[in-house]
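Below is one structure, written out as structure tokens; comments come after it.
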Amino acid sequence: MKTVYDVQQLLKRFGTIIYIGNRIAELELMEDEVRELHQMGCIDIDQYRTAILLLRKETRRLRSNRRTSADE
């Protein structure tokens, strides 16, 4: 996994598609789903860690962009 799209494809394999129109909220929901998949033993620790890091990195990037555009 290298992108958020890859995380979405992982979730899709387990029947989870998340779209609510708010990207940050979607990323947070994806993180919850990834955590649950790991707790249920559906994904291994490496997949879990990689997915969580990707989702948090993207969330940070989006929040940073919001702050930057609000400052202008």
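In what follows, residues are counted from 1 in the order of the sequence shown.
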Contacts of type side-chain contact (heavy atoms from CB on, under 4.5 Å), residue E33, not counting sequence neighbours: L11, T16, I18
Sequence neighbours excluded - ring pair (Phe, Tyr, Trp, His ring centres under 6.0 Å) pairs with any residue from residues 33-67: H38-Y48
Minimum-distance pair of heavy atoms, taken over all atoms of V34 and I52: CG1-CD1, 4.0 Å
Verdict with supporting geometry, E58 and L55, side chain to side chain contact (heavy atoms under 4.5 Å, CB included): CA-CA 5 Å; E58 181 66 6; L55 294 169; 6.0 Å; no
Contacts of D6 that satisfy salt bridge (Lys or Arg N to Asp or Glu O under 4.0 Å) - sequence neighbours left out: none
Atom pair CD1/CE of I43 and M1 - distance to nearest 0.5 Å: 6.5 Å
Ring pair (Phe, Tyr, Trp, His ring centres under 6.0 Å) contacts touching residues 4-31 (sequence neighbours left out): none
All side-chain contact (heavy atoms from CB on, under 4.5 Å) counterparts of R63, not counting sequence neighbours: I24, E28, T59, R67
hydrophobic_cluster_shared for V7 and M40, side chain cutoff 4.5 Å: yes
hydrophobic_cluster_shared for L27 and L53, side chain cutoff 4.5 Å: no
Any donor-acceptor pair under 3.5 Å from T50 side chain to D46 backbone: yes
Partners meeting salt bridge (Lys or Arg N to Asp or Glu O under 4.0 Å) with E26 (sequence neighbours left out): R23
